[in-house]
Amino acid sequence: MEQETEIKKQFYTRDFTKKCLLLCNFDLFSSPAANWRDTIYCNCAPYPPNPEELPSVCREIMIEYSKQVMGIGRSLLQLLSESLGLSKNHLIEMECAESLALICHYSPACPEPDLTFGTTRHSDNDFLTVLLQDNLGGLQVRHQDQWVDVPPVPGALIVNIGDLLQLVTNDKFKSAEHRVLASKAGPRISVASFFGRDSGPGLIVYAPIKELLSEDNPPKYKATTATEYTEFFRAKGLDVIHDCLSSGTKPG
């Protein structure tokens, strides 16, 4: 983000069919207010970009990091499958780890942090998010109707359950509502790895897992695809998206 303007212009676009793009607020034209951040967005799997499609300043580390975090995501989904009483690879066989989007947020120092957010209240439109944050903090999660700080721990990763995992587990797992405060300190840098967004096959239909349903636990959500849900997410914007699963209906 601190490169020369001419270099950044090569990647600045709102065309999400691109493998790698730089933008400011994906929901700039749909949310009531903008967030205090810029973002590098990269579709890393299942169809990784060619190295020359990535910014040269972070090319090598993005390629290596995406490989390593893919292994972490698959291991987490195996553990989550077993915790549901399913076979170890159930969620992987559903292709919950088939796609990976790497999203790097850059929030510069904000002169009036009380007037904005680094990232507005929301939950993630994926199955699972693995987050790497720097030492500045600012991340908060919603717990028992209160906002709780998530202080940085050196060497630690944060894992969020996403909306699509809430959907397929029929509320066995709940997506984590969170936000990021703006700060006079900065820049704040974070790297979020999203498993199961819209960068994979868009025709896979996700619905509550049959093995988790019963007469006493009927399906709470209609089926959707990752692409369809992401389009809904982008159209609504972060300021209202935390209610997107509450109606139990298919986005559209």
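All residue numbers refer to positions in the sequence shown, counting from 1.
- Neither side chain, E177 nor S123, offers a donor N or O lying under 3.5 Å from an acceptor on the other.
- Linking ILVMFWY side-chain heavy atoms closer than 4.5 Å, directly or via other members, places V57 and L23 in two distinct hydrophobic clusters.
- From S87, atom OG reaches atom CG of N89 across 6.5 Å, with rounding to the nearest 0.5 Å.
- Judged purely by atom type and a 3.5 angstrom limit, K19 uses its side chain to pair as donor or acceptor with the backbone of Y47.
- Remark: the backbone N or O of F173 is paired with a side-chain donor or acceptor of T169 at under 3.5 angstrom.
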- Message: What verdict does the side-chain contact (heavy atoms from CB on, under 4.5 Å) test give for Y106 and R37, after you've listed the backbone C-alpha separation in whole Å, the side-chain angles of each residue and the deciding distance to 0.1 Å?
- Response: CA-CA 5 Å; Y106 177 96; R37 68 167 194 265; over 6 Å; no
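- A single hydrophobic cluster is not seen to contain both V69 and I158; linkage of ILVMFWY side chains at heavy-atom distances under 4.5 Å, directly or through other members, places them apart.
- Distance check: Q10 CD to S56 OG gives 8.5 Å after rounding to the nearest 0.5 Å.
- Side-chain contact between V148 and Q140 is absent, with no heavy-atom pair separated by less than 4.5 Å.
- Using a distance-only test at 3.5 Å, with no hydrogens or angles considered, a donor-acceptor pair links the side chain of R14 to the main chain of C24.
- Between the R142 side chain and the H178 main chain, no donor and acceptor come within less than 3.5 Å of each other.
- Side chain of R121 to backbone of R179: no donor-acceptor contact under 3.5 angstrom is found.
- Taking 4.5 Å as the limit, some side-chain heavy atom of M62 sits within range of a side-chain heavy atom of C42.
- Summarising the geometry, atom CG belonging to N125 is positioned 12.5 Å from atom CG belonging to L167; distances are rounded to the nearest 0.5 Å.
- Think of W36 as one node in a network of Ile, Leu, Val, Met, Phe, Trp and Tyr side chains linked at under 4.5 Å; it has no links at all.
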- Item | Pair L80-L91, side-chain contact (heavy atoms from CB on, under 4.5 Å): steps then yes or no | CA-CA 8 Å; L80 291 170; L91 292 173; 4.0 Å; yes
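- Grouping the Ile, Leu, Val, Met, Phe, Trp and Tyr side chains by contacts below 4.5 angstrom, directly or via other members, places I209 with L164.
- Separating the SG atom in C96 from the NE2 atom in H90 is a distance of 8.0 Å, to the nearest 0.5 Å.
- Both L84 and F195 belong to a single network of hydrophobic side chains, linked directly or stepwise wherever heavy atoms of I, L, V, M, F, W or Y lie under 4.5 Å apart.
- A heavy-atom distance below 4.5 Å is not found between the side chains of I103 and I40.
- With sequence neighbours left out, D149 forms a salt bridge (Lys or Arg N to Asp or Glu O under 4.0 Å) with no residue at all.
- Of all heavy-atom pairs spanning P208 and N170, the tightest one is CG-OD1, 3.6 Å.
- Interatomic distance, OG of S190 versus NE2 of H105, reported as 5.5 Å (0.5 Å rounding).
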- Task: Output, in order, the C-alpha distance, side-chain angles, deciding distance and verdict of side-chain contact (heavy atoms from CB on, under 4.5 Å) for F11 and E53.
- Result: CA-CA 9 Å; F11 297 95; E53 294 180 275; over 6 Å; no
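- C20 places none of its side-chain heavy atoms less than 4.5 Å from the side chain of P49.
- Put simply, the side chain of T39 never gets that close to the backbone of Y41: no donor and acceptor are under 3.5 Å apart.
- Side-chain polar atoms of Q78 and E82 form no donor-acceptor pair below 3.5 angstrom.
- Separating the CG atom in L77 from the CG atom in L79 is a distance of 9.0 Å, to the nearest 0.5 Å.
- Under the side chain to side chain donor-acceptor pair (under 3.5 Å) criterion, T17 pairs with D15, not counting sequence neighbours.
- Within a 6.0 Å sphere centred on CZ of R74, heavy atoms belonging to other residues, nucleotides or ligands number 12 at most.
- Judged purely by distance below 3.5 Å, without hydrogens or angles, the side chains of D163 and Y229 pair a donor atom with an acceptor atom.
- With contacts defined as side-chain heavy-atom distances shorter than 4.5 Å, the pair S81/I92 does not qualify.
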- Message: Does L212 form a side-chain contact (heavy atoms from CB on, under 4.5 Å) with L86? I'd like the steps, not just the answer.
- Response: CA-CA 9 Å; L212 302 179; L86 303 171; 4.3 Å; yes
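- Panel note: side chain S66, backbone I63; a donor-acceptor pair is recorded below 3.5 Å.
- Shortest non-hydrogen contact noted between L102 and S193 is CD1-OG, 3.2 Å.
- E52 meets the salt bridge (Lys or Arg N to Asp or Glu O under 4.0 Å) test with no other residue; sequence neighbours excluded.
- Between the Q68 side chain and the Y65 main chain, no donor and acceptor come within less than 3.5 Å of each other.
- Annotation: side chain to side chain donor-acceptor pair (under 3.5 Å) contacts of Q144 (sequence neighbours excluded): none.
- In this structure, the side chains of C110 and S183 stay at 4.5 Å or more apart for every pair of heavy atoms.
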With a cut-off of 3.5 Å and sequence neighbours excluded, list every side-chain donor-acceptor pair involving residues 127-135.
residue : atom : partner : partner atom : Å
T129    : OG1  : D124    : OD2          : 2.8
T129    : OG1  : D126    : OD1          : 3.4
T129    : OG1  : D126    : OD2          : 2.7
Q133    : OE1  : R188    : NH2          : 3.1
Q133    : NE2  : V150    : O            : 3.3
D134    : OD1  : L136    : N            : 3.1
D134    : OD2  : I189    : N            : 2.7

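- Judged purely by atom type and a 3.5 angstrom limit, T225 has no side-chain atom pairing as donor or acceptor with the backbone of I204.
- Follow the hydrophobic side-chain contacts under 4.5 Å out from V141 and you never reach V191; the two are in separate clusters.
- Between the side chain of H122 and the backbone N or O of T120 there is at least one donor-acceptor pair closer than 3.5 Å.
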